[in-house]
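Structure, as structure tokens:
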Amino acid sequence: MLSAEECLKAIEIMGESFPDAHSSLTADTDFHFLLAVIMSAQTTDKAVNLLTPKLFETYKTPYELAKADITDVMSLIKTIGLYRNKAKYLVACAQKIVSDFAGIVPQTRKELMSLPGVGRKTADVVLAECFGIPALAVDTHVTRVSKRLRMVAQSADVLKIERTLMKKLPESVWIDAHFRMIYWGRYQCTARSPKCETCPLLGICAEGKQRVKTN
DNA sequence: AACTCGGGGCA
DNA sequence: TGCCCAGAGTT
């Protein structure tokens, strides 16, 4: 397993390749950003950004979306995957924000996760990106990259990965670490054919060395 | 722990 | 074309 110092070093090296790693979802309000993150599950940010302007213009606040017809929302987002579930989540989410949180997007992980369609990853992204609250969202990219680098145990589940990374990395880099690992996973350490031969992290990557050796 | 939803991205 | 995903909820 990589030491805390090696983990931080890896994050810094990722930052040299992707200094501007950030969420590519666009939204004008906390509420709209939350909707965008919910919709982005198992789908590309690009696909989400294509349809959010119309959606956000139609439903400006939780109060308006709470009264919406599900089928209307479905038709507005049907170009992305899982759109039937997501349309239900979006409306139910708006209804709960109105009924339980006075129309304001809550700012704690527990409260965010109580919203329909909001799991741990979505909650952490909203905390970090929307409110600037330190959080380290673990998605499949972060899972793959941190396991290949041996930042976490191979057997670790999402919760264990989050806790291990938060313990090893200083709070000040949690948000950057999340987005750098996402970029790393998307462009360098891809799922099917990682670019190990040209990887700046090859020197400290157990799996990378193994892959280079066997190829 | 396994299953479902579903169009997108990539081989 | 076919296969695997930039998750969350349910059972």
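Throughout, protein chains are lettered first and strands after them, A, B, ... in sequence-line order, and every chain is numbered starting at 1.
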Between [N] atom [atom2] and [X] atom [atom1], what is the distance in whole Å?
X: Arg180(A); N: dA6(C); atom1: CZ; atom2: C1'; answer: 19 Å
X: Arg192(A); N: dA6(C); atom1: CZ; atom2: C1'; answer: 13 Å
X: Asp124(A); N: dA6(C); atom1: CG; atom2: C1'; answer: 15 Å
X: Leu159(A); N: dA8(C); atom1: CG; atom2: C1'; answer: 15 Å
X: Leu82(A); N: dC3(B); atom1: CG; atom2: C1'; answer: 13 Å
X: Lys86(A); N: dG9(C); atom1: NZ; atom2: C1'; answer: 13 Å
X: Arg144(A); N: dG7(C); atom1: CZ; atom2: C1'; answer: 15 Å
X: Ile77(A); N: dG7(B); atom1: CD1; atom2: C1'; answer: 12 Å

Could you check whether [X] gets within reach of a base, just the sugar-phosphate, or nothing at all, counting any heavy atom under 4.0 Å?
X: Val118(A); result: sugar-phosphate
X: Asp139(A); result: sugar-phosphate
X: Gly119(A); result: sugar-phosphate
X: Thr43(A); result: base

Measuring to OP1 and OP2 of dA6(C), would you say a side-chain N or O of Thr140(A) lies under 4.0 angstrom away?
yes
Using a cut-off of less than 4.0 Å, is there contact between a side-chain N or O of Arg84(A) and OP1 or OP2 of dG6(B)?
yes
When you measure from the side chain of [X], which nucleotide among [options] comes out closest?
X: Thr44(A); options: dA11(B), dA8(C), dA6(C); answer: dA6(C)
X: Tyr83(A); options: dG7(B), dC4(C), dC5(C); answer: dG7(B)
X: Arg186(A); options: dG6(B), dG7(C), dA6(C); answer: dA6(C)

Going by an N to O cut-off under 4.0 Å, is there a salt bridge joining [X] and [Y]?
X: Lys168(A); Y: Glu6(A); value: no
X: Arg109(A); Y: Glu162(A); value: yes
X: Glu5(A); Y: Lys9(A); value: no

Answer yes if the ring centres of Phe56(A) and His32(A) are under 6.0 angstrom apart, and no otherwise.
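Close enough - the centres of the two rings lie under 6.0 Å apart.
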Check whether any side-chain N or O of Ser114(A) sits under 3.5 Å from a backbone N or O of Leu112(A) as a donor-acceptor pair, and report yes or no.
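No, the answer is negative, given that no donor and acceptor are paired below the 3.5 Å cut-off.
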Comparing Leu115(A) and Ile182(A) on DNA chain C - which has the more 5′ nearest nucleotide
Ile182(A)
In terms of the nearest nucleotide of DNA chain C, which residue is placed more toward the 5' end: Thr122(A) or Ala191(A)?
Ala191(A)
Comparing Ala41(A) with Lys46(A), nearest DNA chain B nucleotide closer to 5' gives the residue Ala41(A)
Could you give the distance separating [M] and [N] at their [atom1] atoms, to the nearest angstrom?
N: dT1(C); M: dG6(B); atom1: P; answer: 24 Å
N: dA6(C); M: dA1(B); atom1: C1'; answer: 23 Å
N: dC10(B); M: dG7(C); atom1: P; answer: 15 Å

Are Arg186(A) and Tyr183(A) in a cation-pi setup, meaning NZ or CZ lies under 6.0 angstrom from the ring centre and within 45 degrees of the ring axis?
yes
Indicate, yes or no, whether a donor-acceptor pair under 3.5 Å links the base of dA8(C) to the side chain of Arg120(A).
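No, no donor-acceptor pair under 3.5 Å.
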